[in-house]
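Here the structure is laid out as structure tokens; the discussion comes afterwards.
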Amino acid sequence: MDNGSLNARRRSRELRRVAEERLDVLVVGLGATGAGAALDAASRGLSVAAIDAHDLAFGTSRWSSKMIHGGLRYLAKGQVDVAYESAVERGILLRTTAPHLVSAHPYLLPLTKAVSRRQAALVMSGYRLGDGLRAAARTPRRLLPGPTRLSAARTRTLAPVLDGDGLRGALLSWDGRLLDDARLVVAIARTAAAHGARVLTRCRALRLTGQGALVRDELTGEEFDVRARVVINAAGVWAGGLDPEVKLRPSRGTHLVLTQGTLPGLIAGMHVPIPGETNRFALVLPQRDGRVYVGLTDEPVDGPVPDVPEVPEEDVRTLLEVLNGVLETQVTREAVAGAYAGLRPLLAADGHTADISRRHAVLSHDGIVTVVGGKLTTYRRMAEDAVDEAVSSAKLPARRSRTRKIPLAGAGPRPSGVPPRLAERYGSEAGAVHELVKAHPAKVGLGITEGELLWSVRHEGALDEGDLLDRRTRIGLVEQDRDRALPATRDVLRRTPRD
């Protein structure tokens, strides 16, 4: 029997046990907010199960810009409270809960001919206000340096791909970035499980009621009634399908994945102003593996919400045009190795989706608490607010939220003597992962080994190749990489825990 089958059987047995109980809280959705709600509720001493129709981080949470940001964009709109909340949550992640996954990263705003001196002065003023929020949120400068202006020569050392003609330098700012957004969700879910939450993937909520939910085991087709005193609907862009009172206007954000070597020597990320727009920028973010991500479009989406959004060719053209506006050598369509799109669960409102507030909302009625809106950076606060409402509406005996001070799985001291790449991905667990890597060193793709895939199957709940290639790792972002990795990945899934 293979590892994936063992995990699936264990999960089905757990689901049957859950169906025999009456829980305090049932969480639907295992993106960052749902996993965060499971952790918050379980750490308060409540009995909790969290389910998802697919896998951890299957939806919007794995399609982000990989930024943990301080809300500078919200400052520009006068939404100081939203910006401050972002800065506080960024500080919590950097200092306490996920320092192994979140770190500071430099970003350049190139001062090209298209950026007027007045615009540059306004942006720098915004950066300084953002640094004030950092101080107000008590994030030390050693974790997040302040902004500064760079000369053209210094700018070219950090981003030699920039067109030097008319380049006056750059504005340098610092913000948080994630090594991998899906790995953050996995860490949250594992931490929730360590606090007693039952985390069940491939379990679809068919109908929510004030007394729980009708769910279906997607592996066996069996249906169960799961009873709970309160249900938290954290299904993101799919929340409206479970709660008709919730009206959403999803927004599509597209990112390109450029092949290794496309932007040689790029060290810093870049914010590239979008022509004709105020306070909107494309993000250029170099990755450890040599790839570069380029985003972000922001377009409203009408009609049914797909499980995995497609990337329109128009989005690809738009992002390449913005990027090529600042480069010395143009990036062609052939350099785009892959692309991904995520749908943000924004509350319905008038106007362009880029202008809709990123404030989250907690809506409650008849034993169902729905949390929508917000952003990845503030997942913990969203989860706390949802659980607060659940506790209040169901009159549950529970402590106050403790998640500001709960380190996520892997957040402890990194062991010595392990490869830096493993330390960056696994934090304090890197030593245990390294032992598996030494026993199974064959490379699968992007430097990732069979030992790491085995770790994901044995300790991170991966059930199939999609879980491994598309969420526990990001090999699947490029179809050719995914195809090359499939045989070895399937072989890992066939191995028993005794190998």
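When reading the values below, keep in mind they use all heavy atoms of this one structure, side chains included, and skip hydrogens, waters and symmetry mates. Along the sequence shown, residues carry numbers from 1.
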Where the side chain of [X] meets the backbone of [Y], is there a donor-acceptor pair that is under 3.5 Å apart?
X      : Y      : value
Arg425 : Asp180 : no
Arg402 : Ser43  : yes
Thr33  : Tyr379 : no
Lys247 : Glu245 : no
Asp175 : Gly70  : yes
Arg380 : Thr403 : no
Thr473 : Leu468 : yes
Thr191 : Ala187 : yes
Ser61  : Ala57  : no
Arg421 : Gly447 : yes

Does [X] pair with [Y] as a salt bridge, N-O distance under 4.0 Å?
X      : Y      : value
Glu479 : Arg482 : no
Arg183 : Glu460 : yes
Asp181 : Arg62  : no
Arg16  : Asp217 : no
Arg474 : Asp289 : no
Glu14  : Arg198 : yes
Asp467 : Arg202 : yes

Please round to the nearest 0.5 Å and tell me the distance separating atom [atom1] of [X] and atom [atom2] of [Y].
X      : Y      : atom1 : atom2 : value
Leu46  : Arg399 : CG    : CZ    : 8.5 Å
Tyr127 : Leu109 : OH    : CG    : 4.5 Å
Arg177 : Leu101 : CZ    : CG    : 12.0 Å
Arg204 : Asp52  : CZ    : CG    : 9.0 Å
Arg252 : Thr60  : CZ    : OG1   : 13.0 Å
Glu450 : Ile448 : CD    : CD1   : 12.5 Å

Do [X] and [Y] touch side chain to side chain, with heavy atoms closer than 4.5 Å?
X      : Y      : answer
Val185 : Leu30  : no
Arg414 : Glu424 : yes
Met67  : Thr377 : no
Phe224 : Val18  : no
Val308 : Trp63  : yes
Glu465 : Ile475 : no
Pro407 : His100 : no
Leu323 : Leu258 : yes

Problem set entry | Verdict with reasoning, Arg216 to Glu223, per side-chain contact (heavy atoms from CB on, under 4.5 Å) | CA-CA 4 Å; Arg216 182 173 66 221; Glu223 294 184 3; 4.0 Å; yes
For this session: Start with the C-alpha gap between Asp55 and Arg472, add the side-chain angles, then the distance that decides, and say whether salt bridge (Lys or Arg N to Asp or Glu O under 4.0 Å) holds.
Result: CA-CA 10 Å; Asp55 182 30; Arg472 304 307 182 277; 2.8 Å; yes
Exercise. His54 vs Phe58 aromatic rings, parallel, tilted or perpendicular, using cut-offs 30° and 60°?
Worked result: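 Judged by the thresholds at 30° and 60°, the geometry between His54 and Phe58 is parallel.
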Problem set entry | Glu452 and Thr449 side chains, donor-acceptor separation under 3.5 Å |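 The criterion, which ignores hydrogens and geometry beyond distance, is satisfied for Glu452 and Thr449.
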Exercise. Will you find, in the side chains of Arg344 and Ser251, an N or O donor that is under 3.5 Å from an N or O acceptor?
Worked result: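 On atom types as modelled, these side chains qualify, holding a pair under 3.5 Å.
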Could you pull out the closest heavy-atom pair between [X] and [Y], with the gap in Å?
X      : Y      : answer
Val444 : Ala485 : CG1-CB, 3.4 Å
Asn233 : Ala239 : ND2-O, 3.2 Å
Val294 : Leu319 : O-CD1, 3.7 Å
Thr254 : Pro312 : OG1-CD, 4.4 Å
Ala430 : Leu422 : CB-O, 3.6 Å
Met382 : Gly374 : SD-CA, 3.8 Å

Exercise. Checking side chain to side chain donor-acceptor pair (under 3.5 Å) for the pair Ser47/Asp24: CA distance, chi angles, key distance, verdict?
Worked result: CA-CA 5 Å; Ser47 60; Asp24 291 323; 3.2 Å; yes
Exercise. Pairs in or reaching into residues 233-257: which pass ring pair (Phe, Tyr, Trp, His ring centres under 6.0 Å), with residues at least two apart or in two chains?
Worked result: His255-Tyr340
For this session: Inspect the surroundings of CD in Glu21 and state if more than 12 heavy atoms from other residues, nucleotides or ligands are less than 6.0 Å away.
Result: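 Buried by this count: over 12 neighbours within 6.0 Å.
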Problem set entry | Six-ring centre of Tyr293, Arg291 cation under 6.0 angstrom, axis tolerance 45° |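 No, Arg291 does not sit over the ring of Tyr293.
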For this session: Step by step, work out the side-chain contact (heavy atoms from CB on, under 4.5 Å) result for Leu283 and His271.
Result: CA-CA 5 Å; Leu283 173 69; His271 294 130; 4.0 Å; yes
For this session: Give the C-alpha distance, both sets of side-chain angles, the deciding distance and a yes or no for side-chain contact (heavy atoms from CB on, under 4.5 Å) between Glu85 and Asp81.
Result: CA-CA 6 Å; Glu85 181 179 86; Asp81 57 337; over 6 Å; no
Problem set entry | The single option from Asp464, Asp481, Leu486 passing side-chain contact (heavy atoms from CB on, under 4.5 Å) against Leu469 | Leu486
For this session: Please report the C-alpha distance between Arg44 and Asp40 in whole Å, then the side-chain angles of each, then the deciding distance to 0.1 Å, and finally whether the side-chain contact (heavy atoms from CB on, under 4.5 Å) criterion is met.
Result: CA-CA 6 Å; Arg44 298 190 197 202; Asp40 191 289; 2.6 Å; yes
For this session: Might you work through the side chain to side chain donor-acceptor pair (under 3.5 Å) test for Arg134 and Thr139, ending with a clear yes or no?
Result: CA-CA 6 Å; Arg134 172 206 58 77; Thr139 303; over 6 Å; no
